[in-house]
A.B. asks: 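Following this message is one structure expressed as structure tokens.
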Amino acid sequence: MSFKLAVVGATGNVGREMLSILAERGVPADDVTAVASERSAGGEVSYGEDDVLKVEDLERFDFEGIDIGLFSPGAKVSAIHAPRAAKAGCVVIDNTSHFRMDPDVPLVVPEVNPGAIAQYEKRGIIANPNCSTIQMVVALKPLHDLARIKRVVVATYQSVSGAGREAMDELFNQTRGIYVNDPITKEVFTKQIAFNCIPHIDVFMEDGSTKEEWKMAVETRKILDPDIAVHATCVRVPVFIGHAEAVNVEFERPISVEEARAALKAAPGVSVIDHRVDEGYVTPQESAGEDPVFVSRIRRDPTVKHGLGMWVVADNLRKGAALNAVQIADILMRDYLEDRSGGSDVGQRRRTG
Ligand SMILES: NC(=O)c1ccc[n+]([C@@H]2O[C@H](COP(=O)([O-])OP(=O)(O)OC[C@H]3O[C@@H](n4cnc5c(N)ncnc54)[C@H](OP(=O)(O)O)[C@@H]3O)[C@@H](O)[C@H]2O)c1
């Protein structure tokens with residue numbers, strides 16, 4: 001017997017990346033079920049280089065016997081089916097925004113608050129944070145431990161893959177259309193995304209901020225520290241994969257650039273690439289397909305008493321979504337669900353590292 005996993009939303013950007021990461025980690029195809037809507041039911045998705053999985057219809061899928069459900073079918077669908085899966089004994093790790101601020105659902109980034117996973121028992125659901133929040137808190141955590149963060153001002157440069165497959169198609173088609181003089185069609189984004197930047201992600205809130213900006217503030221407080229103030233401006237840019245963030249941090253205590261760089265270098269999940277020369281920094285295009293959160297351009301901000309600026313880049317589909325969820329699943333299998341494994345291959349492999 002082994003751990004049984006279901007990837008729900010398996011045909012989407014995040015779901016496909018989850019399947020690819022599970023296959024990379026050597027999880028046998030027999031232990032993974034691909035689930036999506038009735039539109040793709042009966043079709044196939046790739047599982048690693050050699051295998052394919054048949055897609056099951058979520059509406060008809062029985063979660064009995066599934067240990068962990070890695071969900072990314074959209075917020076409205078998770079709202080209905082994640083509790084149904086949890087009721088059947090499947091621990092859900094949900095990528096959508098639906099459960100993130102539920103006080104009975106832990107919101108987890110393994111490098112920052114792995115201990116929160118223990119609270120999964122309350123509802124049988126663990127939430128994966130927003131992609132922009134994940135990469136920011138991974139970089140903030142070692143600095144917060146060093147000098148206590150008071151306030152963060154961040155501007156994001158978010159790739160279109162963060163808005164799903166159709167958004168990637170829209171960037172491709174508009175870019176092509178402009179070169180061949182075809183009319184531009186807008187379906188996913190409110191304005192032309194090709195050769196443009198759009199300061200509008202998710203819906204507008206009453207105070208003039210967008211919901212994406214609100215998510216970065218409230219999620220950072222839930223994961224890292226309820227006292228940190230965050231002011232975000234979230235911008236969609238014509239990049240396929242990889243989010244970048246210009247992050248300005250104000251601390252309670254003095255912190256030098258050297259101390260910050262050393263702490264970031266020692267931090268799990270962070271790669272510091274910061275040479276003050278041409279090519280001495282990481283761009284979103286270079287982060288695609290990579291696991292770490294890259295930190296570059298670390299420098300003092302002399303306009304506040306204890307301030308630093310930095311440039312934070314990560315693959316939004318990997319660390320920003322699928323990888324973070326799989327890391328949570330790893331911890332669940334290793335530390336919380338061992339009794340279910342019955343000495344499985346997957347469980348044994350994970351226990352021995
Ligand atoms: N992309 C990111 O960077 C990112 C990061 C963090 C969180 N998220 C969140 O993850 C979710 C999915 O994002 P994505 O980028 O993977 O979107 P996507 O590429 O549009 O894929 C959506 C997936 O959900 C499935 N789906 C849609 N309606 C369904 C239904 N009624 N029942 C079952 N499955 C259904 C689709 O299946 P079909 O192919 O059958 O339609 C597809 O597999 C969203 O809530 C998003 O906010 C995304």
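Atoms within each ligand, like the ligands themselves, are counted from 1 in listed order.
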A.B. asks: Using a strict 4.0 Å cut-off to heavy atoms of L58, name the atoms of ligand 1 that fall inside it.
C.D. replies: 32 (N), 33 (C)
A.B. asks: Need the ligand 1 atom indices (1-based, order shown) with element for anything under 4.0 Å from a heavy-atom of L317.
C.D. replies: 1 (N), 2 (C), 3 (O)
A.B. asks: Under the ring-ring contact (aromatic ring centres under 6.0 Å, His included) rule, collect the residues that match up with F294, sequence neighbours excluded.
C.D. replies: none
A.B. asks: Yes or no on side-chain contact (heavy atoms from CB on, under 4.5 Å) for N113 and L224, after CA distance, side-chain angles and deciding distance?
C.D. replies: CA-CA 7 Å; N113 63 339; L224 188 55; over 6 Å; no
A.B. asks: Any N or O of R39 that comes nearer than 3.5 Å to an N or O of ligand 1?
C.D. replies: yes
A.B. asks: Can you sort out which atoms of ligand 1 are near A10, meaning under 4.0 Å from one of its heavy atoms?
C.D. replies: 43 (O)
A.B. asks: Quick one: are the ring centres of F63 and F71 less than 6.0 Å apart?
C.D. replies: yes
A.B. asks: Quick test: of every protein heavy atom, which one is nearest to atom 16 (O) of ligand 1, and how far off is it to 0.1 Å?
C.D. replies: V14 N, 2.9 Å
A.B. asks: Would you say the side chain of M136 lies within less than 4.5 Å of the side chain of M216, judging by non-hydrogen atoms?
C.D. replies: yes
A.B. asks: Hey, which atoms in ligand 1 end up nearer than 4.0 Å to a heavy atom of G320?
C.D. replies: 5 (C), 6 (C)
A.B. asks: Could you work out, for atom 21 (O) of ligand 1, the closest of A167, G9, G12 by heavy-atom distance?
C.D. replies: G12
A.B. asks: Ring centres of F204 and W214 under 6.0 Å apart?
C.D. replies: no
A.B. asks: Taking all heavy atoms of I331 and all of P110, pick out the closest pair and write down the distance.
C.D. replies: CD1-CB, 3.9 Å
A.B. asks: Looking only at the side chains, is there a donor atom on one of K319 and Q327 sitting less than 3.5 Å from an acceptor on the other?
C.D. replies: yes
A.B. asks: Record the part of S161 in heavy-atom contact with ligand 1 below 4.0 Å; permitted values are side chain, backbone, both and neither.
C.D. replies: backbone
A.B. asks: I'd like to check which ligand 1 atoms, numbered from 1 as shown, lie under 4.0 Å from a non-hydrogen atom of G162.
C.D. replies: 1 (N), 2 (C), 3 (O)
A.B. asks: Can you pull the ring-ring contact (aromatic ring centres under 6.0 Å, His included) pairs that have at least one residue in residues 27-53, sequence neighbours excluded?
C.D. replies: none
A.B. asks: Could you tell me whether atom 31 (N) of ligand 1 has at least one protein heavy atom nearer than 4.0 Å?
C.D. replies: yes
A.B. asks: If you take the nearest heavy atom of each of S72, A41, S40, which one is closest to atom 12 (C) of ligand 1?
C.D. replies: S72
A.B. asks: Among A36, A34, P73, which one has a heavy atom closest to atom 26 (N) of ligand 1?
C.D. replies: P73
A.B. asks: Does some non-hydrogen atom of the protein lie less than 4.0 angstrom from atom 46 (C) of ligand 1?
C.D. replies: no
A.B. asks: Looking only at non-hydrogen atoms, which of I80, T11, V77, N95 approaches atom 9 (C) of ligand 1 most closely?
C.D. replies: N95
A.B. asks: Considering only the protein, which heavy-atom contact is closest to atom 3 (O) of ligand 1, and what is its distance?
C.D. replies: N316 ND2, 3.2 Å
A.B. asks: Out of A321, S37, A75, who is nearest to atom 34 (N) of ligand 1 when you count heavy atoms only?
C.D. replies: S37
A.B. asks: Taking the minimum heavy-atom distance to atom 19 (O) of ligand 1, which of N13, V35, N128 ranks first?
C.D. replies: N13
A.B. asks: Give the atom numbers and elements of ligand 1 that come within less than 4.0 Å of a heavy atom of T96.
C.D. replies: 45 (O)
A.B. asks: Out of curiosity, E17 CD to N95 CG, how far, rounded to the nearest 0.5 Å?
C.D. replies: 11.5 Å
A.B. asks: Is it the case that S132 and Q158 place a side-chain donor and acceptor less than 3.5 Å from each other?
C.D. replies: yes
A.B. asks: Can you tell me how far CG of N196 sits from CZ of R236, rounded to the nearest 0.5 angstrom?
C.D. replies: 13.0 Å
A.B. asks: Between the side chain of R299 and the main-chain N/O of R297, is any donor-acceptor distance below 3.5 Å?
C.D. replies: yes
A.B. asks: Out of all atoms in ligand 1, which are within 4.0 Å of some heavy atom of G164? Include the element for each.
C.D. replies: 15 (O), 17 (O), 18 (P), 19 (O), 20 (O)
